[in-house]
Amino acid sequence: MKKLLLLLISLTLVLSATFTAFAAGNEDFSDKAKEKEYKVQLEKQEKINLKKVFKQELNAQKKEIVKAKGALEEQKQELEVQYKELLTAGDTAGADALFVKISDLDTQIAEKKMQMKKIINERYMVIKSEYSDDELAQFENAAALIEKMYEDAAILGLGAITVRDNIIKFDAPAYIKGGRTIIPVRAITEELGATVDWDQDTQSVTITKENIEIVFTINSKKVYIDGVEQELDVSTEVTNGRTYVPLRFIAETFGLTVNWDDENG
């Protein structure tokens, strides 16, 4: 975290110096209202930049933890195979020695899991700070409505979905139903660089990215990719006035992979 603090302090000093230089070079800046407005905008941008740096640092830490945890788990698997072989061969002394090493790896893996939870909690607080009180209330109301509509739905909270390490800000929650992640389509497709168009007459949503076009029809399992009909295993639906579609289908159609972290949701 020392590295993070240094980054934040450095960025603050740079932005402060920028404002000071601007003010010094504009001593005849007599319109105090405009000067105040400029300062407010500068401070606002400073907060955005600081938050961006913070998120980047958290993402970097998360990647390091995932890598380290994976390496430890590989070591554990190898030792467990050797442990079983020693037991089969009747070498209890050797097996006992390996058991100690495996237990030590378990402790290290548990520590990495705790570090991961801490990072995820910090990321949650970052995304939460981007919501106004009204937006949070709207999100919570939408979540309550989904739970009433679908008894088997598991609501995903703020910051539960990331695209290329970018936390997606949804105005209504994604949820899991029948083992599938269902998402409000517009926020995530726009994060992917796609355009979303709604056709009221046909009750359909068209998602376009580069040379790929996906057309969903509300309350239907039929979907068209570049004009070719396919069938989803769940229907496209409208909930809380937003179009919901299966996440994996969209991601994989655009050539992306989807990973679910069951431990951290």
Side-chain angles (χ1 to χ4, degrees), residues 1-4 54-127 143 147 150-168 170 173-183 188 191-192 230-234 245-265:
M1 294 305 288
K2 288 183 179 179
K3 179 182 175 183
L4 174 59
F54 187 60
K55 284 197 284 188
Q56 289 173 342
E57 182 70 14
L58 289 177
N59 286 335
Q61 290 178 22
K62 179 174 177 285
K63 287 180 179 179
E64 289 178 4
I65 294 170
V66 169
K67 183 178 180 181
K69 178 172 170 285
L72 290 170
E73 288 172 339
E74 286 183 9
Q75 291 179 44
K76 180 185 173 183
Q77 289 175 1
E78 292 173 1
L79 290 182
E80 285 176 336
V81 171
Q82 296 174 31
Y83 175 77
K84 291 178 181 178
E85 291 174 348
L86 289 173
L87 285 179
T88 301
D91 186 354
T92 55
D96 288 344
L98 278 185
F99 183 79
V100 173
K101 292 182 179 180
I102 292 171
S103 297
D104 180 58
L105 286 174
D106 280 334
T107 300
Q108 294 181 56
I109 291 170
E111 289 174 354
K112 293 302 178 186
K113 288 181 178 180
M114 290 298 294
Q115 291 173 12
M116 179 66 76
K117 287 186 179 296
K118 181 180 178 183
I119 293 294
I120 289 174
N121 287 337
E122 290 176 338
R123 280 160 56 111
Y124 170 81
M125 295 309 297
V126 170
I127 189 65
E147 287 179 333
Y150 311 113
E151 292 183 358
D152 61 338
I155 304 297
L156 295 178
L158 301 176
I161 297 179
T162 62
V163 176
R164 301 188 185 97
D165 285 327
N166 294 320
I167 303 172
I168 307 302
F170 289 113
Y175 58 92
I176 296 175
K177 185 177 70 170
R180 293 162 184 80
T181 303
I182 314 298
I183 58 165
I188 199 159
E191 179 65 30
L192 293 173
Q230 294 190 29
E231 186 165 320
L232 301 169
D233 47 11
V234 293
V245 297
L247 168 64
R248 187 174 295 276
F249 181 84
I250 289 180
E252 293 181 349
T253 299
F254 288 137
L256 301 175
T257 57
V258 180
N259 296 306
W260 168 248
D261 183 349
D262 185 61
E263 187 175 353
N264 296 297

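Residue Ile188 comes nearest to Phe170 through the heavy atom pair N-CE2, 4.2 Å, listed as atom of the first residue, atom of the second, then distance. Scanning all heavy atoms of the two residues, the minimum distance from Val66 to Met116 falls at CG2-CE, 3.1 Å. The two residues Ile161 and Ala174 make their nearest non-hydrogen contact at CD1-CB, 3.7 Å. Pairing each heavy atom of Lys62 with each of Ile119, the nearest pair is CB-CG2, 4.0 Å. Nearest heavy atom pair, residue Phe249 against residue Thr253, reads O-OG1, 2.6 Å. The two residues Pro173 and Leu156 make their nearest non-hydrogen contact at CB-O, 3.6 Å.
Note that the NZ atom of Lys113 and the CG atom of Leu72 stand 11.0 Å from one another [nearest 0.5 Å]. Note: Glu85 CD to Asp91 CG = 11.5 Å, rounded to the nearest 0.5 Å. In this structure, CG in Leu98 is found 5.5 Å from CG in Leu86, a value given to the nearest 0.5 Å. Between atom CD1 of residue Ile120 and atom CD of residue Gln115 there is a gap of 12.0 Å, rounded to the nearest 0.5 Å. If you take CD on Glu122 and CD on Glu57, they are separated by 10.0 Å, rounding to the nearest 0.5 Å. Between Ile183 atom CD1 and Tyr175 atom OH the span is 11.0 Å, to the nearest 0.5 Å.
Looking only at side-chain heavy atoms (C-beta outward), Ile176 and Ile182 stay at 4.5 Å or farther from each other. With contacts defined as side-chain heavy-atom distances shorter than 4.5 Å, the pair Arg248/Thr181 does not qualify. Within the 4.5 Å cutoff, side-chain heavy atoms of Glu73 are placed close to those of Lys69. For the pair Ile168 and Thr162, the minimum side-chain heavy-atom distance is 4.5 Å or more. Residues Val81 and Tyr83 have side chains not in contact (no heavy-atom distance under 4.5 Å, counting atoms from C-beta outward).
With salt bridges taken as basic N to acidic carboxylate O contacts below 4.0 Å, none links Glu80 and Lys84.
At distances below 3.5 Å, at least one donor-acceptor pair connects side-chain atoms of Asn121 with backbone N or O atoms of Lys117.
Counting heavy-atom neighbours within 6.0 Å of Phe99 CZ, excluding the residue itself, gives a total of 12 or less.
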